[in-house]
Structures are given as structure tokens and as C-alpha cells.
S.K.: 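Just passing along the structure, written as C-alpha cells.
Only this structure's heavy atoms are used, side chains among them; waters, hydrogens and symmetry mates stay out.
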Amino acid sequence: MLKRRVLLALFGLCLVLGFSALGNWQWGRGLEKQAMLDAAVAARTEAPWPLSAADTASGVNRAAGGGRFLDTPPLWLDNQRRGPRVGVRLYCAFQPHSGTALLVDLGWLPLPGDRTLPREACPTGPADLSGLLAPPPAVGLRLGEGLESRDGGQRWLALHLEPAAVARAWQLPALAPRVLRLDPSLPLGHERDLEVLANTLPPEKHRGYAIQWFGLAFATLVVTLLLWFRKRP
């Protein structure tokens, strides 16, 4: 009997630790995304950085500069929502005058029911760009590289965006870890905005999930203690 009680208590404590870890992770994600939102608000009032600042791996900065679009196929990021509509987001490679090449978010297009990728191509030649440098869109569970070629390499589809994986697939020397969210006022690209947390949970959702996990941890702890200290008949 004592052995069974000990095993039940250990199992309960393991659940408490697991629920607490999940709550802590969700709370941390909420803080991380809130910091990104605050940085995006601050970035819109600062002087623009050069596009070479995309070489840094984190943060949100306003940026502007010239360069040229590379001769690469269009890359479509799958499962992108815009309100109630589902579609794909177009990314193209751009080489600034200085620094590493980077991916540019050229906007959103709807996806038909048969999931045929749009025929739009990437811009070509020199251009002056501006927008927000930000990390690639956040994803949940990663299964492999999530990158596949379509039409013999004429188009590419990504389930999640990892610039290093794209650089390998396109045989480029490198791509900067941050992407450029293109200014909606520029006369190129498609439907877009400067929302840095598009297609992902907002901070308050993560905080709500964290409170639920902490609540489960507390309830499990109470039940475990009651079962351990209850009087035996």
C-alpha cells in the first residue's frame, strides 16, 4: 500500500513539474512577443538603419537602402491568414549595396481551393527598399526543413521560413537571419502591412495559456497532497 502511495505521489509531482514547465514556456513566449511589439512601435519613429543590419539575428528595426533583386525563383510561405482568408506570402532575395543578401516580404496573395501556387514572379533589377527588419514569421512544431521545389525549381513552397535553409536550396552564399517587411506604401508587391506578429498568437493569448497551465499545476499539487495525507481506514 505504501509503495502505491509513493508511486502516485511521484506521478503527481511529475505532472506538477510538467504543467509548470509548459506554463513557464507560454509566459516566456508572451514576454518575447510583447517585447517584439514594443520594439516595432519604437522602430517606426527611429531613423532608418541600413539594410546590412539584417545580419543581426534579433530585434525589430526600421531600415532602408538600395540594391538589386537577385535572379531567384519566388518563395511562397504557406498557411498565411489575412483575416478570414487563407493564402501564401511571397518572399524574394535582395542584395543590398553592402552586407548579406536578405529575404524581402512582398506581400500576401489568396490561395485557391485546389492550392495552385500563384504565377507571380519576383521583381528584377535595382530597387530602393524600406520597411521593418524583423525575425522570420514564428512557427510551431518544425518537421524537417519544410521547403520544397515546385515546377522543377521555378517556384518554391515553405511551411516555415528559415533563411539558412533557403540559402542552401538556392545555392546562395548566405541569407541574413532577419527579413525585410516591405513598406506598404512602396509601389511593388502585393497586399501587406507591417504587423510583425501576423499569423501567430498575440502575447495575451500566451499569457492566458500560461495561467491555465499554472492552474493545472496547482490543482494537481493539491490533489496529490490530499491523497498523500488523507487518513487511511
S.K.: Inspect the surroundings of CH2 in W170 and state if more than 12 heavy atoms from other residues, nucleotides or ligands are less than 6.0 Å away.
M.R.: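 Yes, CH2 of W170 has more than 12 neighbouring heavy atoms, counting only those of other groups under 6.0 Å.
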S.K.: Using atom types as modelled and distance alone, determine if a side-chain donor or acceptor of R181 lies under 3.5 Å from a backbone N or O of D105.
M.R.: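 No; zero donor-acceptor contacts below 3.5 Å.
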S.K.: Excluding sequence neighbours, so at least two apart, what forms side chain to side chain contact (heavy atoms under 4.5 Å, CB included) with P48?
M.R.: R62, A64
S.K.: Using the rule side chain to side chain contact (heavy atoms under 4.5 Å, CB included), only one of L180, L90, L75 pairs with L106; which is it?
M.R.: L90
S.K.: Looking at CH2 of W49 and CG of L133, how far apart are the two atoms once the value is rounded to the nearest 0.5 Å?
M.R.: 9.5 Å
S.K.: When rounded to the nearest 0.5 angstrom, what distance separates CZ in F218 from OG1 in T220?
M.R.: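 One gets 10.5 Å once the value is rounded to the nearest 0.5 Å.
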S.K.: Among the clusters formed by ILVMFWY side chains lying less than 4.5 Å apart, do W25 and V16 turn up in the same one?
M.R.: no
S.K.: Checking R207 now: which residues fulfil salt bridge (charged side-chain N to carboxylate O under 4.0 Å, His left out) with it, not counting sequence neighbours?
M.R.: none
S.K.: Check whether L10 and F19 end up in the same hydrophobic cluster, where Ile, Leu, Val, Met, Phe, Trp and Tyr are linked by side-chain heavy atoms less than 4.5 Å apart.
M.R.: no
S.K.: From L225 CG over to L221 CG, what is the distance, rounded to the nearest 0.5 angstrom?
M.R.: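 It comes to 4.5 Å.
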S.K.: Under the side-chain contact (heavy atoms from CB on, under 4.5 Å) rule, what do L182 and L188 come out as? Steps first, then yes or no, please.
M.R.: CA-CA 9 Å; L182 197 63; L188 73 161; 4.0 Å; yes
S.K.: Please say yes or no: joined through hydrophobic side-chain contacts below 4.5 Å, possibly via intermediate residues, are W156 and L117 part of one cluster?
M.R.: no
S.K.: Write down the atom of A176, the atom of L102, and the distance for their closest heavy-atom approach.
M.R.: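 Closest approach of A176 to L102, heavy atoms only: CB-CB, 4.0 Å.
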S.K.: Are R178 and N61 close enough that some pair of their side-chain heavy atoms sits under 4.5 Å apart?
M.R.: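 Result yes, sub-4.5 Å side-chain heavy-atom pair found.
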S.K.: Locate the shortest heavy-atom distance separating P118 from L111; write the atom from each residue and the value.
M.R.: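 Distance-wise, the nearest heavy atoms are CD-CD1, 4.3 Å.
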S.K.: Run the side-chain contact (heavy atoms from CB on, under 4.5 Å) check on L147 and E162 step by step: do they pass?
M.R.: CA-CA 9 Å; L147 187 65; E162 296 185 23; over 6 Å; no
S.K.: Out of curiosity, does L51 fall in the hydrophobic cluster containing L186 (side-chain heavy atoms, cut-off under 4.5 Å, transitive links)?
M.R.: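 Looking at the clustering, L51 is in the same group as L186.
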S.K.: With rounding to the nearest 0.5 angstrom, report the OG to CH2 distance, S20 to W213.
M.R.: 11.0 Å
S.K.: Linking I/L/V/M/F/W/Y whenever any side-chain heavy atoms sit under 4.5 Å apart, do F11 and L22 land together?
M.R.: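 In one cluster with F11: L22, yes.
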S.K.: Can you check whether A210's main-chain N or O pairs, donor with acceptor, with Q212's side chain at less than 3.5 Å?
M.R.: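 No, because the side chain of Q212 does not come within donor-acceptor range (under 3.5 Å) of the backbone of A210.
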S.K.: Heavy atoms only: give me the nearest A93-L175 pair and the separation to one decimal.
M.R.: CB-CD2, 4.5 Å
S.K.: How close do S52 and S98 get, counting heavy atoms only, and between which atoms?
M.R.: CB-O, 3.5 Å
S.K.: What are the two closest non-hydrogen atoms of P74 and C122, and how far apart are they?
M.R.: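 P74 and C122 have their closest heavy atoms at CA-SG, 3.5 Å.
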S.K.: Nearest 0.5 Å, please: how far is CZ in R89 from CG in L109?
M.R.: 10.0 Å
S.K.: Quick one: do W76 and E120 satisfy side-chain contact (heavy atoms from CB on, under 4.5 Å)? Show the steps, please.
M.R.: CA-CA 10 Å; W76 299 99; E120 280 76 0; 4.3 Å; yes
S.K.: For H190 versus W108, what's the shortest heavy-atom pair and its separation?
M.R.: CB-O, 3.6 Å
S.K.: Spell out, as yes or no, whether a donor-acceptor pair under 3.5 Å connects the side chain of R192 to the backbone of D183.
M.R.: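 Judged by distance alone, yes, a pair lies under 3.5 Å.
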